Structure formats: structure tokens, C-alpha cells
Amino acid sequence: SAGRFVSGPVTRIANQTNLGTDKGICKTIVPSVDFNKANIGYSFLHWKNVSAGTVSGIANGVEILIDSEAYDHGDDFSAGTGALFLLHHHRDYPIMKFGSISTSPGTITEISITPVLTQTTEQALTGYDPDRRNCYLDEEFEFTHLPTSIGYRYSTSNCMFESAYNETLRKCQCKIISHAQVLKNIFRYGEDVTAEKIDSCTGQQLKCALDIFEDISTKNTAYNKVSGKVEPCLPACQDQVNTIAYSKSSYPAPDIFKNFEDFCLLFVKLMTQCKKPHKKMILDANYKFICPAILEMEAVFLEQKQKIIKEYGLDNFDIPEPPDIDTLAGLSPELDDFSGKPPLGGRKPFGIPSRGDRAPPSHNLLPTRTDWISKYCDRDASLWLSALNTYPEDKKTTFLEEMQRYGKENMLRANIYIQNPFTTSYKRDVDTTLISFIANVGGLVGLCMGFSLVSLFEILYFCIAGVVKMFPRSSKTDSLTAAYNSLKLKTKFLK
């Protein structure tokens, strides 16, 4: 299998990080990290610092080419063959139940992504606690088994996983094997993780765990290390959710398959596999013309390969693949820790970048097998056609038909890209502030009753006057009033 940016060099997916999922061990790809040669061999700990900035459009997307080798592999629990793709936030634990895309051999899948952003205003964050604003910040919720110290974040899906995992530990008394690598990384940082000391799930324990994870969408509470108590799984205050749309078409295209890089990559791969007795036996049983033809073209192929190696100075192209994270732990103790505290015993998992963005270990910059393959399979040069043209014409047609059938029955391709240069953004804000509440009340009262401050003083005047009238007047006051009225009457007559 191979992947790359549309305009970039080919990278073997086999080099990327293994990460457990609810469907088993999968290859996890962060294109901006993994398809950059300087980062080959980095672990998922590097992904914490990935920043935004992806360019939209299919020409700026990622191409994934997979040879499923359906002729030699199968799954008793799956009715079909192919691969599952899950596009998720790079700091989330991958849960295949949450929207994975199934692809099958003989198809090319165009997957377009439309990001949807959710943001929360500063007023809502500072003025309300998580329960009232109905969301968490990363620093407000810390998981035991998906800590931020090794790159994870708070999200609803991570919270559901943590809930299901805690229930597995409690009810089944075992840990799921797909999470083992994450536990090792947590343990390296000196944190006490109970699950690290528990056996993996097998037998009835495994069935118990599978039943729990089958209903993972119903798990809605998890233990929060920040508050020290079990709390509900709320949305994240700052989040990105990807809306996915996809379409499929037939692959590979007949007659012109031999002119594409995909054919060359398959040609190079089969050149190696046809020399392995156990692989050659199965290939001959299903595609009897492929290996004999490829081995006949080996001499021309090797000549071209050596020419590329010499021309581009790739004399060390056969260096071994980078060791796994367990082997290389401790090679770079001088690098900084994300959390600011030293790992257990001063050891550090391989591939963690420093805060100062120092260069990765130098062995990542050495030539790799993909260097000469990228140049050999460059479509502009089409060097593989030179080997193909040396093959007798009467046999070439049969060979190309076999390669076409192999591609149709085993290979699949996916093109993944951001669809639009624009995105949808939702803002979570305070619904009604105190000032807005007062203004709204005043406006509604004024609109419905014609109420104003003048009206208020008028109402107060009449209320006071009414209260005064309720009390009886004294006789002295009455006589004075009568005398005053009599005087006014006499004055009137005199006039």
C-alpha cells in the first residue's frame, strides 16, 4: 500500500503508525506529518502540534493506493473484501463504528471533506461552568487512558471510548489489546495506569469486552481526573467535525492501466513477491502469467534501478526500515516533553518532536526505498515501460490482461480532499446577558403597555394621592376650607 499528496512523492503506508481501533490494528495517517519525508518514523505523539492550513481542491488532496491481496487473505467476520477508511480528528482515538467508509477492490473512491467548526466565545467560557454552557475545554476534562500528555484531546468520541474502556476494566477485568500501545506510552511518562498491569482480554473476557464496545454509542459518562468524579460526556467547546461525501467508479481503467504510476507500483511490488516461494506459489495458482513475465523483465528492471540509484546518489536505498517505537525509546532523551515533565527514567518514545521544532533523528533523512521507487514510477519519465517494451509482443497482451485482472480483483484507490475553500462555523455564546435581559424587558413593556419613566412617576402620583384620600380630614381643616371657599365667592360677586 502507498500514499502521497497528489503532487508529492510516494510513501509506503507500511511505515506509518499502527494504532488499535474497535475493528483491530489499523494504519493511522496524518498526511501533513506522514507524507513529509523529514517526519518518516514519527509516532502519533508528533500529531499534537499539527496546525491548520490545508489547501482545498482535489489537486491538493491525498491519494491512497491499496493492494488488498484478496487472493491470499480473507476475514471470517466480513462478507466482503476491501478496506475501511475512517476520517477523524487526528487527536481522537479512532472508532470505526463512527462513520467509516467501506471500499472494495476494483473501485476508486472520491472522498470530499467539508469541515464544520464549533467555537465558544470567551464570555461563555469565563462566565459559566461546563454544565451550564454544555461543553468542556481540553483542560477541564482529563482522561485516564487517553491523556493530553501523549497527544489526545477532549471530544465526545474520546469520552465514549473512555467510558467503555473503564466499564471493560470494571466488569470484564481485562484490557483490550488494541489499546496496548497507548498504555505503554502513558506508562513511559511515569503515570500510574492500572490497566497496564491487567491481562489482555481473551476467551469469555474478550466476549464481555466486545459486548460493551458494541454499545459504545450509549456510553455517556466518564471519570474526569480534573474534578475527581464521574461526569457526563458533553460536546467540546472548540471542535472540528468533518462532513463526508463520497462517490465510487470502476478501477483500473482498461487498456490504459499500464501507463499509470499505479501499474508501476504494482510491477515493483510483484517483482519482489515473485521471488518469495510461498507468494509465488499462490500467485501462480491465480495469475499464472504474471510471475514468469515479470521475472523475464527483471534484468532490464535492475539495470534501470541501479541507474537511478547512481544518478541521484541513493546508494543506501536498502537501509532497514526505522525500528518500532519500543526499540527506539530513549534514543532522543534530550528532546522536550509536551507536558513539561521528564518521562519515566528519562526515557522518551521515539519520534516526539521538541518544542523548538528541532530536526528529527538524522536516520529519517537518509535515502529510503521509496526514493528510487518514486523516481522510477514518475509518470513523466515512465521508465517501467522500457522494461515492458522488451517483453515479446505475443506474450505482452496476455500479461497486461492478467495485470488488469489483478488490479480489478485486488487493488483499490481513494482520493481524499477538502472540497471547498470555505467552511461552516457555529458560535456558542451566552444566550441573554444581564444588560440584554434588562433592555428586552424594558422594550417589551414599552411596546405592550406604552410604558415610560413619565408614566411611572404619574402612576406613583396617583397612587400617593389615592392613599391620601383614604384618610379622613380633621374638622379644623374642613372649616378652613369652607371659609376659603366663602371668601372666593364674595370676591367673585364684588368683581
Side-chain angles (χ1 to χ4, degrees), residues 1-16 34-38 40-41 63-67 69 252 256-284 287 289-323 362-393 395-396 398-400 402-404 406-407 410-411 413:
S1 303
R4 67 168 188 175
F5 284 114
V6 171
S7 57
V10 174
T11 297
R12 292 181 66 203
I13 295 178
N15 291 341
Q16 312 313 323
D34 296 327
F35 294 164
N36 180 348
K37 181 184 174 181
I40 293 175
E63 297 175 336
I64 305 292
L65 178 65
I66 296 177
D67 183 356
E69 296 187 5
I256 60 173
F257 179 45
K258 65 182 177 66
N259 298 320
F260 283 85
E261 295 165 288
D262 300 8
F263 180 93
C264 177
L265 293 171
L266 177 60
F267 181 80
V268 173
K269 175 186 175 180
L270 292 175
M271 184 69 71
T272 301
Q273 292 201 339
C274 285
K275 296 178 183 179
K276 299 177 180 179
H278 64 286
K279 277 291 185 182
K280 184 177 184 302
M281 179 182 66
I282 302 173
L283 282 167
D284 288 343
Y287 310 97
F289 297 107
I290 287 183
C291 281
I294 283 181
L295 293 177
E296 279 192 46
M297 291 181 270
E298 182 181 16
V300 178
F301 168 77
L302 292 176
E303 181 182 345
Q304 292 175 323
K305 185 174 75 170
Q306 292 301 325
K307 183 179 179 181
I308 293 173
I309 293 169
K310 184 177 180 180
E311 181 178 353
Y312 293 96
L314 305 177
D315 301 273
N316 295 321
F317 77 96
D318 277 330
I319 63 171
E321 300 293 347
S362 59
H363 85 271
N364 284 332
L365 303 179
L366 293 175
T368 64
R369 186 168 182 262
T370 57
D371 288 318
W372 72 265
I373 291 178
S374 295
K375 300 183 186 307
Y376 181 76
C377 292
D378 180 69
R379 190 175 182 184
D380 292 334
S382 298
L383 297 178
W384 70 91
L385 292 179
S386 299
L388 186 61
N389 291 334
T390 62
Y391 198 57
E393 288 293 333
K395 298 180 181 179
K396 186 189 300 184
T398 305
F399 168 69
L400 292 177
E402 283 275 74
M403 292 287 280
Q404 173 77 23
Y406 183 100
N410 298 280
M411 297 177 68
R413 182 171 177 161

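Along the sequence shown, residues are numbered consecutively beginning with 1. Note that the coordinates shown come from a computational prediction; the quantities given were computed from them, not determined experimentally.
Within the model, atoms CD of Q273 and CG of D67 stand 7.0 Å from one another, a figure rounded to the nearest 0.5 Å. Atom CG of L266 is separated from atom CE of M411 by 5.0 Å, given to the nearest 0.5 angstrom. Atom CH2 of W384 is separated from atom NZ of K258 by 10.0 Å, given to the nearest 0.5 angstrom. If you take CD1 on I64 and CZ on R413, they are separated by 10.0 Å, rounding to the nearest 0.5 Å. From K375, atom NZ reaches atom CG of D380 across 12.5 Å, with rounding to the nearest 0.5 Å. With rounding to the nearest 0.5 Å, the separation of CG in L270 from CE in M403 is 5.5 Å.
Taking 4.5 Å as the limit, every side-chain heavy atom of Y376 sits out of range of all side-chain heavy atoms of K305. Residues K396 and N389 form a side-chain contact, since some pair of their non-hydrogen atoms from C-beta on lies under 4.5 Å apart.
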May I have the list of side-chain donor-acceptor pairs in residues 274-283 shorter than 3.5 Å, sequence neighbours left out?
from: K275; atom 1: NZ; to: E298; atom 2: OE2; distance (Å): 2.3
from: K279; atom 1: NZ; to: E69; atom 2: OE1; distance (Å): 2.6
from: K279; atom 1: NZ; to: D72; atom 2: OD2; distance (Å): 2.9
from: K280; atom 1: NZ; to: D284; atom 2: OD2; distance (Å): 2.7

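Under the rule for a ring pair (Phe, Tyr, Trp, His ring centres under 6.0 Å), the partners of Y406 that lie at least two apart in sequence or sit in another chain are Y71, Y287. A search for side chain to side chain donor-acceptor pair (under 3.5 Å) contacts involving E402 returns R405, not counting sequence neighbours. By the side chain to side chain contact (heavy atoms under 4.5 Å, CB included) test, T398 is found to be paired with F289, residues two or more places apart in sequence or in another chain being considered. Residues meeting the side chain to side chain contact (heavy atoms under 4.5 Å, CB included) test with A381, sequence neighbours left out: D378, L383. Residues passing the ring pair (Phe, Tyr, Trp, His ring centres under 6.0 Å) test with F399: none are found, sequence neighbours excluded.
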Set out, in order, the CA-CA distance, both residues' side-chain angles and the distance that settles side chain to side chain contact (heavy atoms under 4.5 Å, CB included) for L400 and L388, then state yes or no. CA-CA 10 Å; L400 292 177; L388 186 61; 4.0 Å; yes
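Among all heavy-atom pairs drawn from P252 and G407, the shortest one is CD-C, 3.7 Å. Considering every non-hydrogen atom in both S386 and Q304, the closest pair reads CB-NE2, 2.9 Å. Nearest heavy atom pair, residue R379 against residue F260, reads NH1-CE2, 3.3 Å. V268 approaches C377 most closely through the heavy-atom pair CG2-SG, 4.2 Å.
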